[in-house]
Visitor: 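Here it is: the structure, laid out below.
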Amino acid sequence: MTVNSPPNATRTYRPVMSPTWWWLRHPAWVQFMLRELSSVFIAAFLALYLARLGAFASGPAAYAAFQAWHRTPLSIALHVLILAFALLHSTTWFLLTPKIARVHVAGRSMSEKAVAGGALTAWAIVSALVAWWLLG
Amino acid sequence: MGICGSCGMNVNGTPRLTCATFLREYAPGPIRVEPLANFPIIRDLVVDITDFMEKLPRVQPWLVRQDETPLTGGEYRQTPGEMERYHQFSLCINCMLCYAACPVYGLHPEFIGPAALALAHRYNLDSRDQGRAARQAEVYSEEGIWECTFVGQCSVVCPKKVDPAGAIQQEKVSAALDWLKSVVWPWGNR
Amino acid sequence: MAHASRSEPFWWSLFAAGGVVAAFLVPIHVLLEGIVGPLGGPTPAADYDRMHAWLASPFTRVYLFVLISLPLFHWAHRFRFTLADLGLSRFGAWLAVLCYGAAIVGTALAAWLLITAP
């Protein structure tokens, strides 16, 4: 018995996938969209950093005003939100690293857990180094 | 069981091989069985898989050689280590659960899709293959690997742990390195 | 007739590099310069004089350039695809121009500010 694809006259039905709201239908897709949107919050922080450099270029008075805004509850709250999304980006990025980088040690591939663990450890070390540089 | 790949359907919203899906997993219920997502529905639970069947050969999922040795030269030999490099990606049973799970394929049906791209990766990694350049036009096209946004659900639902998402990201790295090589020393042969 | 994309590998490479930089460096900078510093911590960005001393080193300037520019390209690529996945895919070319254009402008601005900073 041969299997044929349906003749052209057969109608088929395609359920509609909302181009804008499709991602709300599965928890995994919501997580995905949040992960993608984390880049917006990171970009917001970068824009603020450019503004910081601009304020610095404008002199001590401008810079003091810029820092004063950063002391407001609004700014602190915004940065907490940005930090949350930045952490989301970092954790999802490092947990996905094993998928893209197959590491071979002594002829055998490292397990996904080991690669992710290595990446997360490296992140902790780099963060500590930066903190020491900035605060020290 | 779980090897012919013919019984893929959406169970409670998730693509599953229904031969390996038991009512007791969903007790006390309810349970909702739908046709495999992202494929045109013909009737009841039957979907039209023509699109997938058309896409699979486009990535040339066979050993492509630039120089064929004659039969008297014997087999193309391969060490266990060389086989291990692509083995995982060779386990695909063409069940299309990954296509059902992929929102990109659902939104953009021109996307070549997880299974086809994972299979291309399997051959690109095969030490006996010389066909990566031949596959490029399809695999490295806009409808190929670059359409993928690494949602990752394809790998989550795959019953054989092929990890098509990983395969696609690894091909992106290869493509990026190819591009870099073509820029840094364009006179080098492929 | 399908053909291998010549531009996607380039933008994706910037996305990947920017993603790595952002993953490693952005959280600690947000914490220190966005929260700890303003609340009284001794970070370089806390006041003008500290910032001035910190920026005296060329290493700092190069570091900040990398910190700002590469993650901007990461955002640009990711946001371009996100907007397409939110229903705007028919504006594909415009999205690419807007997103990568913004990243290029931001990068140029970062370079200019860091080169000319006192």
Side-chain angles (χ1 to χ4, degrees), chain A residues 1-40 88-116 119, chain B residues 6 10 12-15 34-44 46-54 79-82 84-89 101-109 121 125 149-157 161 163-174 176:
Chain A
M1 188 173 107
T2 52
V3 176
N4 303 309
S5 55
N8 291 339
T10 305
R11 285 181 330 216
T12 54
Y13 169 65
R14 276 205 106 99
V16 172
M17 201 168 161
S18 162
T20 309
W21 306 114
W22 58 271
W23 52 279
L24 287 167
R25 300 196 130 254
H26 285 277
W29 291 352
V30 175
Q31 287 172 36
F32 162 73
M33 193 50 77
L34 285 172
R35 182 193 89 194
E36 299 298 284
L37 288 173
S38 70
S39 66
V40 174
L88 176 66
H89 167 77
S90 296
T91 49
T92 53
W93 189 270
F94 292 125
L95 289 172
L96 288 174
T97 298
K99 298 253 173 212
I100 196 166
R102 297 174 102 196
V103 183
H104 292 265
V105 179
R108 294 190 56 215
S109 28
M110 266 174 85
S111 77
E112 291 201 354
K113 275 208 176 82
V115 176
Chain B
S6 304
N10 272 44
N12 283 9
T14 303
E34 294 170 287
L36 194 62
N38 297 341
F39 289 95
I41 302 167
I42 298 171
R43 198 159 92 177
D44 300 333
V46 180
V47 296
D48 180 1
I49 63 168
T50 313
D51 188 50
F52 174 68
M53 300 308 287
E54 184 266 326
T79 66
E82 286 170 333
E84 200 252 328
R85 279 188 79 216
Y86 67 82
H87 180 250
Q88 176 186 9
F89 305 111
C102 176
V104 176
Y105 181 64
L107 291 167
H108 312 289
H121 187 53
L125 286 179
T149 52
F150 205 175
V151 176
Q153 282 301 106
C154 54
S155 294
V156 170
V157 303
K161 304 277 173 278
D163 190 14
I168 294 172
Q169 309 321 305
Q170 290 164 34
E171 281 298 323
K172 288 181 186 174
V173 174
S174 295

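Per chain, numbering begins at 1; letters A, B, ... match sequence-line order. Quick caveat, the model's predicted, so the values are computed rather than measured.
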Visitor: Please output the residues of residues 16-28 of chain A in contact with chain B, using a heavy-atom cutoff of under 4.5 Å, in numerical order.
Guide: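 Result: Met17(A), Ser18(A), Pro19(A), Trp22(A), His26(A), Ala28(A).
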
Visitor: Rounded to the nearest 0.5 Å, what separates atom CG in Asp163(B) from atom CZ in Arg102(A)?
Guide: 8.5 Å

Visitor: Hey, mind stepping through Gln153(B) and Phe32(A) against side-chain contact (heavy atoms from CB on, under 4.5 Å) and telling me if it holds?
Guide: CA-CA 10 Å; Gln153(B) 282 301 106; Phe32(A) 162 73; over 6 Å; no

Visitor: Need one label for Pro15(A): side chain, backbone, both or neither, based on atoms under 4.5 Å from any heavy atom in chain B.
Guide: side chain

Visitor: Mind checking whether Arg14(A) and Pro109(B) have side chains closer than 4.5 Å, heavy atoms only?
Guide: yes

Visitor: From Met33(A) CE over to Thr149(B) OG1, what is the distance, rounded to the nearest 0.5 angstrom?
Guide: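 Nearest 0.5 Å value for the CE-OG1 distance: 8.0 Å.
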
Visitor: Val151(B) versus chain A, heavy atoms under 4.5 Å apart: side chain, backbone, both or neither?
Guide: both

